[in-house]
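Here's the structure we're looking at; comments come further down.
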Amino acid sequence: MRVLEAVISSYLEDLLSKKGLEKSTWASMLQPSREASQGDLTLPCFPFASTLKMAPQAIADELAASFPDIDALLHVTSMNGYLNFTAHPEWLADTVLSGSIHVGNALENTGRTGEQVLIEHTSANPNGPFHVGRARNAILGDTLVRLNRLHGNDVRAEYYVDDMGKQVGVLAWALENLSESDVNELLSEREPPSERWTTKADHQRVRWYQAAQVLRKDADVDRKAQIERDIGSLVHASEHGDIAVLESFESAYTPVLEGMLATLSRLGISYDTFTKESRFVVDGTVAKLMQTLDALEIADTADNGAGFLDLGQRGLKGKTEFFYRRGDGSSLYATRDVAYHIWKWGESSRLVNVLGEDHKLQAKQVGLTLEELDQQRPEVLFYSFIKLPEGKMSTRQGNVVFMDDLLEEAHAQASAVVRELRPEYDDETVSAIAEAVGTAAVRFNIIKVSPEKGFTFRWEEALAFEAGSAPFIMYAHTRACSIAKRASDLPSSPVARPSVDTMPEGLIELLRLMCTHNDVLERSVREQKAHLFALHMLELANAYNGFYRDCPVVRDGEVDGFAFSISEMARELLRSGLEGLGIKPIEAM
RNA sequence: GGGCGAUUAGGGUAGUCUGGAUAUCCUUCCGGCCUUCGGAGCCGGAGACGUGGGUUCGAAUCCUGCAUCGCCCGCCA
């Protein structure tokens, strides 16, 4: 609770400096209490014992007894060697009412902090629809974008389009050389695609890609060799910046990318800028970069002329050779990534990338190379893959859950719940609510766990609408909205902050949580841990429910001015916080 | 084989970077609460730090052995 810390730290500094303890020695030890029942802030006194030659408990006792009586504190106590500070509920209420809690805006850059950040996320190869595993990247990245905006940073969300190289080359080759009946024949042993997505290009065109992969693996030797030559020459041309080939690639992947973006748009995910990988080949920066790399001390050349850096000299363990140029002189994906990052540093003072754990080595290589070029390395948020109960999610084995299917199912199940709970709603209303609830549940299920944790996708968890889920938070928000609507037509008493002895527990708990709201957001942004904020939002919703129970806003046709002010503040925090998580804060559900 | 990460109640998860009290929250199970603003709710109870060492006044947290799981180790992207 920073607001409280700001008030008490000067008093604490006075007291401790008299004992010869400098602030630098204890400042980081003053922390939010682990035992909420003991207080809001805690200073463990154990480390002082040896310098003061006193027992920790005695030190805590003495500090507690001599701490001045100030408005912000209800009491200062000592327990088991800890000095505990409990915020005064009246002070908490005054803090909230005075507007000290920053609500924020997750939807646009406000420039509040003056800091800028470029977040690159998703950047999936445009060769087929999103499955749930790939979508984790987009959901984590978009949430990070939103939370940075909510905090007040100027954010740019960037999609790096992989518009060259083998994957897109295979897609382009297949679209050019395979007929629809070829594709159907090649994929005849697979499950047919869902009828639902016959007009969605990502679901359609991926079949050409898959069919080509089947051919590349199972065709007869001569045919395979011919295909590899054809695709190889396309890829080679693209890597040398052949405009005609790049344009054919673009017309192959663009409808696929549009289909993928349509899926993400349903989840509220969008981008500010798209940068194509080919750009750095076409404008010559990759060629220049390779020359620069050639001149580095740690650069070396293989027998066939390929260029690599020996990153072992810079502390990389395991495989230390990092190839940046093929024997034929063309660049590699990672080379272009280095060029891309140098460009990005010209665009923003802070860079964040969201990457799957399979990119760890690659990111390390790119980072070390950037440092070798006197550039900074970007911050990287890695996430583990999502598994299915049957095992790894794999397009080849056919065990994938497409995001489009998950969202349809979420919508259907949410509709069923809404219909049962609110039989009076018409179809259109039900559908709108179900869409908001369903997509929110899917997003939240992914956001609420720590990114490095590999987790197993389970339908019943992704579609949970109860406590611990997004709809739980949404529901608290609709309650607050409902109260606001009702209160707007009624006479109100003036805002009179009650004294502590008439404050119910549910009110105090809500005030406490509101006073930590900005702290959690700040930490969540700084450490790139969206799940911390997500879990805080659950607590805030829970606290609002407690307030709702203990503290009626409307009683006997009259609005309690104070309770309504608190309710409104909570409503604002719930609304902006939901937007920060990418959840639509609907007003009724 | 090497590198990196993970392991917390029946299931899932926070806390680990920066050591500190009675280990968070959800689910599950058990018991309560609808004549007060929307019960997708609220209150109470049961149940966990993989394992062996080490460091420390103090270890879920730091070091280390082992076990299990995941990812990577291509002149692919």
Side-chain angles (χ1 to χ4, degrees), chain A residues 28-29 31 33-38 42 44-47 49-50 56 79-82 84 125 127 162 164-169 235 277 302 304-308 316-321 323-328 330-334 336-337 356-362 364 382 384-385 387 392 414 417-418 420-422 437 448-450 452-456 458 460-461 464-469 471-476 478-487 490 506 527 529 531-532 535 538-539 541-542 545-546 548-556 559-560 563-564 567 588-589:
Chain A
S28 67
M29 285 156 44
Q31 290 168 347
S33 304
R34 189 165 277 220
E35 299 297 321
S37 60
Q38 298 291 349
T42 290
C45 296
F46 306 92
S50 59
M79 172 76 81
N80 303 336
Y82 296 87
N84 294 313
N125 278 311
N127 59 2
D162 213 342
M164 54 189 293
K166 196 153 273 175
Q167 303 224 22
V168 184
V235 171
E277 188 181 344
N304 66 350
F308 66 90
L316 188 68
K317 292 178 190 164
K319 196 214 169 206
T320 61
E321 293 169 343
F323 281 89
Y324 59 86
R325 188 182 55 222
R326 291 199 184 88
D328 69 0
S330 63
S331 63
L332 287 121
Y333 174 82
R336 290 168 232 137
D337 206 22
E357 59 181 335
D358 55 336
H359 281 68
K360 275 188 179 173
L361 176 60
Q362 165 102 37
K364 183 107 185 165
F382 290 107
S384 296
F385 293 120
K387 298 188 295 277
K392 194 176 167 178
V417 172
V418 179
E420 190 181 331
L421 293 171
R422 316 273 179 255
V437 168
K448 74 175 182 189
V449 310
S450 179
E452 79 269 12
K453 209 80 115 185
F455 82 90
T456 303
R458 292 189 178 82
E460 62 275 21
E461 283 172 16
F465 301 144
E466 292 161 353
S469 73
F472 174 80
I473 308 171
M474 298 168 83
Y475 190 77
T478 63
R479 272 183 162 167
C481 289
S482 170
I483 286 174
K485 203 171 165 192
R486 176 180 277 255
L490 296 170
E527 300 183 6
K529 290 180 174 174
H531 67 281
L532 295 181
L535 298 172
L538 282 175
E539 288 182 46
N542 189 46
N545 285 334
Y548 177 86
R549 174 198 66 216
D550 288 348
C551 223
V553 172
V554 178
R555 209 200 305 246
D556 303 328
V559 176
D560 178 329
F564 185 45
S567 177
M589 61 188 273

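The chains referred to below are lettered A, B, ... by the order of the sequence lines, with proteins before strands, and numbering in each begins at 1. Only a predicted model underlies this, so the values are computations on that prediction, with no experimental measurement involved.
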List every contact pair, protein side and nucleotides 6-8 of chain B side both N or O, where the distance is under 3.5 Å.
from: B:rU7; atom 1: OP1; to: A:Lys453; atom 2: NZ; distance (Å): 2.9

To the side chain of [X], which of [options] is closest?
{"X": "A:Val554", "options": "B:rC37, B:rC75, B:rG12", "answer": "B:rC37"}
{"X": "A:Pro471", "options": "B:rA40, B:rG41, B:rC76", "answer": "B:rA40"}
{"X": "A:Lys319", "options": "B:rA77, B:rG74, B:rU16", "answer": "B:rG74"}

Side-chain N or O of [X] versus OP1/OP2 of [N]: is the shortest distance under 4.0 Å?
{"X": "A:Tyr548", "N": "B:rU36", "answer": "no"}
{"X": "A:Arg326", "N": "B:rC76", "answer": "yes"}
{"X": "A:Asn125", "N": "B:rA77", "answer": "no"}
{"X": "A:Arg549", "N": "B:rU36", "answer": "no"}
{"X": "A:Ser450", "N": "B:rA14", "answer": "yes"}
{"X": "A:Tyr333", "N": "B:rA77", "answer": "no"}

Donor-acceptor pair, side chain of A:Arg326 and main chain of A:Leu332, under 3.5 angstrom: no

Once you round it to whole Å, what is the distance between [atom2] of [N] and [atom1] of [X]?
{"X": "A:Leu490", "N": "B:rC37", "atom1": "CG", "atom2": "P", "result": "13 Å"}
{"X": "A:Arg555", "N": "B:rU35", "atom1": "CZ", "atom2": "P", "result": "17 Å"}
{"X": "A:Glu357", "N": "B:rG3", "atom1": "CD", "atom2": "P", "result": "18 Å"}
{"X": "A:His359", "N": "B:rC76", "atom1": "NE2", "atom2": "P", "result": "15 Å"}
{"X": "A:Glu527", "N": "B:rG15", "atom1": "CD", "atom2": "C1'", "result": "12 Å"}
{"X": "A:Phe308", "N": "B:rG74", "atom1": "CZ", "atom2": "P", "result": "14 Å"}
{"X": "A:Arg479", "N": "B:rA40", "atom1": "CZ", "atom2": "P", "result": "8 Å"}
{"X": "A:Arg458", "N": "B:rG12", "atom1": "CZ", "atom2": "P", "result": "6 Å"}

With both distances under 3.5 Å as the test, what is the Watson-Crick or G-U wobble partner of [N]?
{"N": "B:rC42", "answer": "B:rG32"}
{"N": "B:rU51", "answer": "B:rG65"}
{"N": "B:rA23", "answer": "none"}
{"N": "B:rC76", "answer": "none"}
{"N": "B:rC71", "answer": "B:rG3"}
{"N": "B:rG58", "answer": "none"}

Looking at every strand, decide which applies to [X] at a 4.0 Å heavy-atom threshold: base, sugar-phosphate, or nothing.
{"X": "A:Met164", "value": "sugar-phosphate"}
{"X": "A:Leu532", "value": "sugar-phosphate"}
{"X": "A:Ser482", "value": "base"}
{"X": "A:Phe323", "value": "base"}
{"X": "A:Cys551", "value": "base"}
{"X": "A:Val168", "value": "nothing"}
{"X": "A:Ala588", "value": "base"}
{"X": "A:Gln31", "value": "nothing"}

Taking the [atom1] atom of each, how far is [N] from [M], in whole Å?
{"N": "B:rG19", "M": "B:rG1", "atom1": "P", "answer": "35 Å"}
{"N": "B:rC49", "M": "B:rU55", "atom1": "P", "answer": "23 Å"}
{"N": "B:rC17", "M": "B:rG12", "atom1": "P", "answer": "24 Å"}
{"N": "B:rA23", "M": "B:rA9", "atom1": "C1'", "answer": "12 Å"}
{"N": "B:rA59", "M": "B:rG20", "atom1": "C1'", "answer": "10 Å"}
{"N": "B:rA67", "M": "B:rU28", "atom1": "C1'", "answer": "29 Å"}
{"N": "B:rC34", "M": "B:rG39", "atom1": "C1'", "answer": "8 Å"}
{"N": "B:rA60", "M": "B:rA6", "atom1": "C1'", "answer": "14 Å"}

For A:Tyr82, enumerate each residue passing the ring pair (Phe, Tyr, Trp, His ring centres under 6.0 Å) test, keeping only those at least two apart in sequence or located in another chain.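 If we apply the ring pair (Phe, Tyr, Trp, His ring centres under 6.0 Å) test to A:Tyr82, skipping adjacent residues, the hits are A:Phe46.
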
Test ring pair (Phe, Tyr, Trp, His ring centres under 6.0 Å) applied to A:Phe308 - qualifying residues, sequence neighbours left out: A:Phe323

Residues in side chain to side chain contact (heavy atoms under 4.5 Å, CB included) contact with A:Asn304, at least two apart in sequence or another chain: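 Partners of A:Asn304 by the side chain to side chain contact (heavy atoms under 4.5 Å, CB included) criterion, ordered by chain and then number, come out as A:Ala302, A:Ala306.
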
Under the side chain to side chain contact (heavy atoms under 4.5 Å, CB included) test, which residues partner A:Thr478, sequence neighbours left out?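 Here the qualifying residues are A:Tyr475, A:Met589.
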
Is A:Lys448 atom NZ crowded by more than 12 heavy atoms from other residues, nucleotides or ligands, each under 6.0 Å away? yes

Heavy-atom protein contacts under 4.0 Å, nucleotides 21-32 of chain B, coded B base, S sugar-phosphate only, - none: BB---SS-----

Tell whether A:Gln362 reaches the base of B:rA77 with its side chain through a donor-acceptor pair below 3.5 angstrom. yes

